[in-house]
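What follows is a set of notes on a single structure, which appears directly below.
Chain letters run A, B, ... following the sequence lines, proteins first and then strands; every chain starts at 1.
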Amino acid sequence: MSKSSSGSSRRQRVVEPDDAFDFASYEAHWQKYWAEHLAPVGADASRKKFYALSMFPYPSGVLHFGHALPYTIIDALARYKRMCGHDVICPMGWDAFGLPAENAAIEAVRAGKSNVHPKTNTLANIDHMREQMRRFGYSFDWEREVFTCRADYYKWTQWIFLKMLERNIAYRKKARVNWCPSCKTVLANEQVETIVKDVDEFQGCFRCGAKVEPREIDAWFLRITEYADRLLNGLSQLGKNWSELVVSQQRNWIGRSEGVNIDFEVELRHGASGSGPLTPPGTDGKPVDRVPLTVFTTRADTVFGVTYVAIAPEHPLVKRILELVDSRTHKRIHDFIQETLSMTEMDRASGDEKEGVATGMFAVNPLNGEKVPLFIANYVLMYGTGAVMAVPAHDERDHDFSREYRLPAKQVIEPTAERKKSDTGQRVDVRRAAFTEPGILVNSGKYSGLDSQAAIAAIAADLKAAGKGGPVVNYKLRDWGISRQRYWGCPIPVVHCDKCGIVPVPERDLPVELPDDVDFLPTGQSPLTLHPAFQKTRCPRCGNEHARRDTDTMDTFVDSSWYWFRYTDAKNGEVIFDPAKVRRWCPVDLYVGGREHAILHLIYARFFCKFLHDIGLVDHEEPFTRMFTHGLIQGESIKVVNEHMNRYVTADQLEALIAQGKARAEDATRRIEKMSKSKLNGADPTELVRRFGADTVRMCVLFLGPAEQDSVWDPNGIVGVHRFIKRWHETILSNAPLVENLPPLAPDQRLGPAAKTLRHAAHSLIEKATQEYEGRYAFNTVIARCMELVNDIRAFITSEKLEGAVKGATDPTLPARHTLDEAFSILNRALAPIAPHTAEEAHRALGGRGSIFGQPWPKADPAALVLDEIELPVQVNGKVRGTIRVAREADAKALEAAALASEAVKKLLDGKQVKKMIAVPGKIVNVVVG
RNA sequence: GCGGACGUGGCGGAAUUGGCAGACGCGCAAGACUUAGGAUCUUGUACCGCAAGGUGUGUGGGUUCAAGUCCCACCGUCCGCACCA
C-alpha cells in the first residue's frame with residue numbers, strides 16, 4: 001500500500017535537455033576527429049602495454065543497457081591508460097554464430113518473409129551496432145575487429161579443433177546428452193539451468209527455457225577434465241584480481257573431491273531374486289561368478305558401517321544383473337530403470353524421493369568380509385564409479401534410503417571427546433539421524449580408536465597394498481560436448497569414411513566452409529545433412545568418393561574461447577596468430593564482463609589458453625590477469641492486475657490509466673527485474689544518447705553505483721548527471737577568458753588561502769581519480785569528487801571576484817587565475833576517460849591544441865596535498881563536541897592544549913576531572929572526563 | 001543443506017587504514033531570475049524536539065578513549081550450486 005502510493009506520487013516526467021547546450025554537434029565532431037587522428041597502436045614497443053578487453057557481444061541488432069556498462073568501463077580505462085603513456089589495445093569483435101540469428105531467420109521464413117539468411121542478418125546487425133558504439137564514443141581498435149562467423153576466423157577455430165583431435169583432447173563418443181526440444185539441439189551441462197515456473201521446477205535450456213530431455217547421441221567432446229587440476233590450481237594464482245564470486249563458482253563447478261576407491265566383490269547368482277531376504281547370506285540362485293565392484297567414498301573411515309551397496313541405474317553391472325535375475329525381479333529392475341532414465345540426470349537429482357530395487361545379489365566388504373545386499377538406486381549418480389557403499393549411520397542419503405527399505409544402520413563413528421562436550425554434540429542416535437561429522441572409530445576392527453582423518457589414510461593405504469583400491473581424486477566437471485545439430489555455427493572439420501572411420505580434414509584444406517544455401521528449418525537433425533554437396537566428399541586418407549563430412553556444428557562457446565588471441569593479429573592469413581604478437585599483448589590485463597559467464601565462457605577460455613600453451617603457441621597459462629565482473633542494470637517493471645487487464649505497463653501508461661479511471665495505484669505491482677521488451681522496463685541507451693548525449697549516458701551508467709553491483713535504472717536520475725555535464729561545460733566556456741594567455745607568476749606572487757584550498761581540492765582529486773582508475777574502479781566516487789571540484793571552482797571564481805579584474809603581469813588576481821587554470825586542466829583530464837567529448841571541448845576552449853588524450857595524466861603535487869592549517873574534531877567521552885583549527889604539523893601535545901582551550905570542551909568540562917586524553921595528530925582529539 | 005554477496009536518510013549511494021556517519025546526486029521545501037518553467041541560480045533537507053539536548057548504520061552482546069568498519073551470536077534479502085557419496 002505504502003509502496004503503491006509512493007509510486008503514484010513519484011511522477012515520471014519526460015525530461016528534455018536544454019536546446020542551447022549543443023552536445024550533439026561537438027560529440028559528432030570529436031568522434032570524427034578521433035577516427036581520423038587516433039594514434040596507431042603498437043607503434044612504440046618501448047612503452048608498457050595494456051590489453052583492455054570486454055566480452056564481445058552477440059550481434060543481436062541493437063545495443064542495450066547490458067552493453068553500455070562494460071563498454072563504458074573498458075573504454076574509460078583504455079583512455080586512462082593511454083593518457084598514462086601505455087600502449088593500449090582495446091579491441092572489439094562479434095560472437096556472431098549462434099541460435100538467435102538462425103531462429104530469427106526460421107521465424108521469418110515461416111512468416112513468409114525473404115532475405116533473412118542468418119548471415120545477411122548478422123552482418124547487417126553488426127554494421128548497425130558498430131555505428132551505435134561509435135556514437136557512444138567508444139575508442140575500440142576497429143582494425144582488429146573479428147567475426148566468429150567469417151571463414152577467416154573459424155578456419156582457426158577448426159584448426160584448434162584438429163590440434164585437439166591430434167592430442168586426443170577432442171574425441172567422439174555416444175553419450176546421454178541434454179536435448180532442447182525447442183532449439184532442437186544439444187546443450188552442454190553448463191548450459192542447462194534449473195528453471196522455476198509457477199510451482200514446477202525443472203531443468204531447462206539456458207537460452208529458451210524449454211524443458212530439456214535426455215538423448216543418446218554420437219557427439220564430439222573436449223576433454224576438459226584432463227585440465228581439471230590445472231584449472232583449479234590456476235584459480236588460486238589469480239588471487240584478488242578475480243572476483244571471489246567467479247573463483248568460488250568455478251571451484252564449485254570443477255568440484256574436486258579426494259576420496260578412496262574400494263573394491264567390493266559381487267557374487268553373481270543365477271536366478272537371484274530381489275524379493276529374497278536382505279540379510280546375508282543370500283542364498284537364492286546359483287553362484288556363477290564373482291566380479292569386482294569399485295565404490296568411491298570420501299568417508300572410508302565409515303567402511304565398517306556399510307550395510308548395503310548401491311549402484312546407479314546406468315552402471316554397466318546392471319546389464320549383467322538383468323541377465324541373471326529371475327523374471328519378476330527382471331521386470332522390477334527393468335521398469336525402475338526405464339523410469340529413472342527417462343528423466344535427465346538433473347531432474348533425477350531434484351526429485352527428493354529416494355527409490356531403488358534390490359537385486360538379490362550381495363557384495364562383500366573387503367575390509368571385514370561382510371556380505372551386504374546390492375541395490376540399484378536412483379540417488380546414485382554416475383559420478384565417481386557410479387557405485388557407493390551405503391552407511392546409513394553416517395550418511396544422510398543412505399539413512400533416508402535405509403528407512404524406506406528397512407535396512408539396518410550400524411554406528412562406527414563416535415563424536416570426539418571435544419565434540420561430546422559441546423552443546424550439540426553429546427547425543428548420537430544413528431537410528432534417528434545420521435551422524436555425519438568426523439569423529440573416532442568404533443566397531444571397526446583394528447582401526448577402532450583412530451580419528452576419522454587417520455583412519456581414512458590407514459584404510460586407503462591398506463587397500464592399496466592389498467590391491468583392492470586406494471586413494472583417488474574425482475571431479476564434478478565433465479567433458480564438454482560441443483556437437484550441435486544446427487546450421488549457423490562452425491563446421492566440425494572431420495570426414496566420416498566407411499573404410500577409415502573418422503578422418504580429420506587436412507590443415508591445408510581448411511577452412512571447411514559453411515555453405516550459404518542450406519535449408520535450416522529445424523528437423524531434429526543437422527541442417528547440413530540436407531545439403532548433399534556439403535556432406536558428400538572424398539576421404540582425405542583413402543580417396544573413397546563416398547565419405548561424408550560431419551554435419552554438426554560447434555557450440556558457439558568454442559568460437560569465443562580464443563578470440564582475444566586473434567585480436568592481437570586479426571588479419572593473419574598464414575597462421576592463427578604470430579606468437580610474438582601474443583607475447584607482446586597477452587595475457588589480457590583487464591577483462592570486463594558479466595557474471596553470467598562466470599563458469600561457462602570463463603572456464604572454457606581458461607581451458608583453451610592452457611591447451612594453446614601446451615602446444616607451444618603461448619607462453620602463459622592464465623589468459624586474463626584481472627577479471628572484473630560488472631553488475632546488471634535492471635529496470636523497474638509495473639504490472640497492472642485488475643478487472644480490465646493483466647499486463648505490464650510503462651510508468652506513463654500507468655499514469656494515463658489512473659487518470660482515465662481504468663486502474664488504481666494499488667492495482668500496480670512494481671518489481672525490479674532484468675530489462676526486457678516484454679516487461680516494458682527497458683531503456684534504450686541509443687535513444688538516451690540522442691537526447692542527452694553520449695557523455696551523459698556514459699557518466700550516468702557509472703554514477704548509478706559501484707560497477708560490480710547490480711543497480712536499477714532510474715529514468716529520472718539522468719538529469720542530475722546531464723546537469724553536471726552542462727555545468728562543467730558552461731563553467732569552462734564562460735570562464736575560459738579568465739585564464740587566457742596568463743603571464744607567468746613572479747616568484748614573489750603567492751597563493752591566497754582560497755587559492756591554496758582550491759589547489760588542494762584539485763590535487764587530491766588527482767590522487768582519488770588515479771586510485772580509482774588504477775584498480776578500485778568505484779567510478780561513482782570519482783564523478784562525485786569531480787562534481788565537488790566544479791562546485792568549488794564556481795565558488796572560487798565568485799569569491800575571488802575574478803571576472804572584473806584586469807589581466808597583466810601586475811594583476812593582483814594572477815595567482816588565483818593560475819590556480820584556476822590548473823584546476824580546470826585537472827578537472828578536464830580527470831573526467832576525460834568518462835566523458836571524452838566534453839573533455840575535448842573543454843580542453844579546446846582553454847586553448848589546448850590537439851586532443852586532450854595527447855595530454856599526460858596529471859600528477860598530484862605533494863606540496864598541494866597538505867594544508868597549512870587543518871580542522872580536527874574534538875570528542876568528549878567519545879562524542880564529537882566541536883572542532884579545533886591547528887597547524888598541519890601540530891603534535892599530540894599541541895592538540896591537547898588546543899582541545900582544552902576550545903569552547904566546546906570548556907563548556908562540558910565544567911569543573912570535572914580530565915582522566916585521559918587521546919590525541920592522534922592529523923586525526924582527532926578525544927578528552928575523557930570522569 | 002553448501003558456497004558467495006549484501007543490510008546506512010524518502011531514493012541511488014559515500015565513509016578505501018577503527019578517528020567528525022550520511023560526501024555526491026535524485027527527490028522534496030523555500031527563495032531569486034523569469035511571460036512561463038519540467039531551464040538556471042541561492043539556501044535548507046537523517047530522525048525526535050520550540051529549544052537545550054537526545055537518538056541513529058538489520059537485531060542482541062563484546063573489544064576499544066573511539067566501531068558502519070574488528071570479534072561472538074542471531075535476523076533478513078539477493079545470487080549461485082544442490083542426493084557429487
Salt bridge (Lys or Arg N to Asp or Glu O under 4.0 Å) pairs, two or more places apart, involving residues 919-930 of chain A: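 Listed once each, the pairs would be none.
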Taking the six-membered ring for Trp, are the ring centroids of A/Phe703 and A/Phe724 within less than 6.0 Å of each other?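 Between A/Phe724 and A/Phe703, which both carry aromatic rings, the centre distance is not below 6.0 Å.
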For this output row, return yes or no: ring centroids of A/Tyr308 and A/Tyr405 closer than 6.0 angstrom.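 Centroid distance A/Tyr308-A/Tyr405: not below 6.0 Å, so no.
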Presence of donor-acceptor pair under 3.5 Å, side chain of [X] and base of [N]:
| X | N | result |
| --- | --- | --- |
| A/Lys923 | B/U17 | no |
| A/Asn252 | B/C81 | no |
| A/Lys354 | B/C83 | yes |

So, A/Glu396 and A/Lys354, do they make that salt bridge, N to O below 4.0 Å?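 Salt bridge between A/Glu396 and A/Lys354, a charged N being under 4.0 Å from a carboxylate O: no.
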Strictly below 4.0 Å: does [X] bring a side-chain N or O up to OP1 or OP2 of [N]?
| X | N | answer |
| --- | --- | --- |
| A/Ser257 | B/A85 | yes |
| A/Arg723 | B/U40 | yes |
| A/Asn791 | B/G25 | yes |
| A/Arg794 | B/U40 | no |
| A/Arg251 | B/G3 | no |
| A/Arg785 | B/A14 | no |

Atom NZ of A/Lys674: over 12 foreign heavy atoms under 6.0 Å: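 For A/Lys674, atom NZ is not crowded (no more than 12 foreign heavy atoms under 6.0 Å).
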Interatomic distance, [X] [atom1] vs [N] [atom2] [rounded to whole Å]:
| X | N | atom1 | atom2 | result |
| --- | --- | --- | --- | --- |
| A/Asp792 | B/C24 | CG | C1' | 12 Å |
| A/Asn378 | B/A85 | CG | P | 18 Å |
| A/Ile599 | B/C79 | CD1 | P | 16 Å |
| A/Asn716 | B/C28 | CG | P | 9 Å |
| A/Leu872 | B/C20 | CG | C1' | 10 Å |

Set out, line by line, the N/O atom pairs under 3.5 Å between protein and nucleotides 44-49 of chain B.
none

How would you list, by chain and number, every residue that makes a side chain to side chain donor-acceptor pair (under 3.5 Å) with [X], sequence neighbours excluded?
| X | value |
| --- | --- |
| A/Thr294 | A/Asp263 |
| A/Asn926 | A/Gln875 |
| A/Asp792 | none |
| A/Asn877 | none |

Of the listed nucleotides [options], the one nearest the side chain of [X]:
| X | options | answer |
| --- | --- | --- |
| A/Asp714 | B/C26, B/C20, B/G12 | B/C26 |
| A/Tyr379 | B/G19, B/C20, B/C83 | B/C83 |
| A/Arg881 | B/C20, B/U40, B/G54 | B/G54 |
| A/Arg776 | B/U16, B/C20, B/G19 | B/U16 |
| A/Glu244 | B/G4, B/C24, B/A14 | B/G4 |
| A/Val380 | B/A85, B/C20, B/G54 | B/A85 |
| A/Asn780 | B/G80, B/A85, B/G13 | B/G13 |
| A/Asn926 | B/G4, B/A66, B/U16 | B/A66 |
| A/Val880 | B/C20, B/U16, B/G27 | B/C20 |
| A/Val928 | B/A14, B/G27, B/C65 | B/C65 |

Base, sugar-phosphate alone, or nothing: which one does [X] contact when heavy atoms must sit under 4.0 Å apart?
| X | value |
| --- | --- |
| A/Lys916 | sugar-phosphate |
| A/Gln875 | base |
| A/Phe703 | base |

Please measure how far the [atom1] atom in [N] lies from the corresponding atom in [M], and state the result in whole Å.
| N | M | atom1 | result |
| --- | --- | --- | --- |
| B/A23 | B/C47 | P | 12 Å |
| B/G61 | B/C11 | C1' | 32 Å |
| B/C6 | B/C71 | P | 13 Å |
| B/U69 | B/A15 | C1' | 9 Å |
| B/A32 | B/A39 | C1' | 14 Å |
| B/A67 | B/A85 | C1' | 45 Å |
| B/G27 | B/C20 | C1' | 26 Å |
| B/C65 | B/A14 | P | 31 Å |

Check the angle between the aromatic planes of A/His729 and A/Phe21 and answer parallel, tilted or perpendicular using the 30° and 60° thresholds.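 Geometry flag for A/Phe21 against A/His729: tilted rings.
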[X]: partners by side chain to side chain contact (heavy atoms under 4.5 Å, CB included), with sequence neighbours left out:
| X | value |
| --- | --- |
| A/Glu788 | A/Arg785 |
| A/Arg776 | A/Lys768, A/Glu772, A/Ala778, A/Thr781 |
| A/Thr770 | A/Tyr80, A/Ile766, A/Glu774, A/Trp857 |
| A/Arg885 | A/Glu869, A/Glu871 |

If you assign A/Lys879 and A/Gln771 each to the RNA chain B nucleotide with the nearest heavy atom, which residue ends up on the more 5' nucleotide?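 The residue closer to the strand's 5' end, by nearest nucleotide, is A/Gln771.
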Of A/Gln709 and A/Ile783, whose closest RNA chain B nucleotide lies nearer the 5' terminus?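 Per heavy-atom nearest nucleotide, the more 5' residue is A/Gln709.
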Quick one: do the A/Asn681 and A/Ser637 side chains pair a donor with an acceptor below 3.5 Å?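 No pair is found: no donor N or O on one side chain lies under 3.5 Å from an acceptor on the other.
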Close N/O contacts between protein and nucleotides 29-31 of chain B (under 3.5 Å):
none

Measure the shortest side-chain to side-chain distance between A/Arg794 and A/Glu730 over non-hydrogen atoms and say whether it is less than 4.5 angstrom.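 Of all side-chain heavy-atom pairs linking A/Glu730 with A/Arg794, at least one is under 4.5 Å.
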Where each pair must be Watson-Crick or G-U wobble with both distances under 3.5 Å, what dot-bracket representation of RNA chain B is obtained, with crossing pairs in [ ] and other-strand partners as |? (((((((..(((......[....)))((((((.......))))))(((....)))..(((((..]....))))))))))))....
Could you check if the base of B/G9 is syn or anti? Syn means the glycosidic torsion is within 90 degrees of 0.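 In terms of base orientation relative to the sugar, B/G9 is syn.
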